[in-house]
Structure formats: C-alpha cells, structure tokens
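Step one of this worksheet: look at the structure below.
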Amino acid sequence: MEERKSAKNRNQNIILENREKLSVSGVEHVTSFDENTIILETVKGVLTIKGNDLDINKLNLDDGNVVVEGTVDAMMYSDRDSVGNKGIGFLGKMFK
C-alpha cells in the first residue's frame, strides 16, 4: 500500500519533439509494443501511444525513462483497471 501510494506521488514528464521523438519518465512497465502501438504502465496510469514506425530507442525501468522514436499520432491515458478488463475476452470472463 505504501509503495503504491508513493508511486502516485511521483512525477511524470512527457516531452514530444516534432512528433518524432517522445521522452517519458515515470514508466514502471512496458506492457506491449509494436510499430503502431506502445502501451506503458506509468505512475500516472496506463499510457497508450499510437503512431507509425514506433520504436523504443531507450528503456531504463530503474530510472523509469523511455524514449520512443517514430511518428506519434496520439497519446491517451487510461486506468489500469479499465485496460485490464478490456482484453479479457469471453474465456477470461468465464474463468474469472
């Protein structure tokens, strides 16, 4: 509980340069990535990044820093709970 509470108090910075280079701090986990979508768990919620030719150029989860290169079209935050339930599907709901 203490760890989760302190994580919420941590800061997060996002710097987008010319829609081509995205620097994100406060990253706790990379949930998934491909060339069109990257999903990051951060101290402020789940951050979904959409674009083209996306590539994780730098990843340091000890510091919580991630650098993404490619064309960034959109970034969206969501709660961890809503993302977790969204991908469960029919079988996941049956065995819940």
- Hey, does Ile39 have a side-chain heavy atom less than 4.5 Å from the side chain of Val46? yes
- Item | Shared hydrophobic cluster for Val27 and Leu16 (ILVMFWY, side-chain gaps under 4.5 Å) | yes
- Task: Using salt bridge (charged side-chain N to carboxylate O under 4.0 Å, His left out) as the criterion, list what pairs up with Asp73, not counting sequence neighbours.
- Result: Arg19
- Task: Spell out, as yes or no, whether a donor-acceptor pair under 3.5 Å connects the side chain of Glu20 to the backbone of Thr71.
- Result: no
- Query: Only one of Thr48, Ile14, Ile38, Val24 forms a side-chain contact (heavy atoms from CB on, under 4.5 Å) with Met75, so which one is it?
  - Reply: Ile14
- Are Val67 and Phe33 joined in one hydrophobic group, where the rule is that I, L, V, M, F, W and Y side chains link up if heavy atoms are under 4.5 Å apart? no
- Note: Asn11 and Val43 closest approach over all heavy atoms is O-CG2, 3.9 Å
- Least distance between heavy atoms, Lys44 atom then Tyr77 atom: O-CD2, 4.0 Å
- Message: As an exercise, state the distance from OG of Ser23 to CG of Asn13, rounded to the nearest 0.5 Å.
- Response: 10.0 Å
- Message: Measuring from atom CD of Glu41 to atom CG of Leu61, what distance do you get when rounded to the nearest 0.5 angstrom?
- Response: 10.5 Å
- Note on the structure: All heavy atoms of Val68 vs all of Ile49, minimum pair found to be CG2-CD1, 4.5 Å
- Are Leu40 and Ile15 co-members of a hydrophobic cluster defined by side-chain heavy atoms under 4.5 Å apart? no
- Residues two or more places apart in sequence or in another chain: which of them pass side chain to side chain donor-acceptor pair (under 3.5 Å) with Asn36? none
- Task: State, to 0.1 Å, how close Thr42 and Glu28 come at their nearest heavy-atom pair, and which atoms those are.
- Result: O-OE1, 3.7 Å
- Message: Measuring from atom CD of Glu69 to atom CD of Glu17, what distance do you get when rounded to the nearest 0.5 angstrom?
- Response: 9.0 Å
- Query: Minimum heavy-atom separation for Thr37 to Leu54, with atom names?
  - Reply: N-CD1, 4.1 Å
- Query: Where the side chain of Asp55 meets the backbone of Asn57, is there a donor-acceptor pair that is under 3.5 Å apart?
  - Reply: no
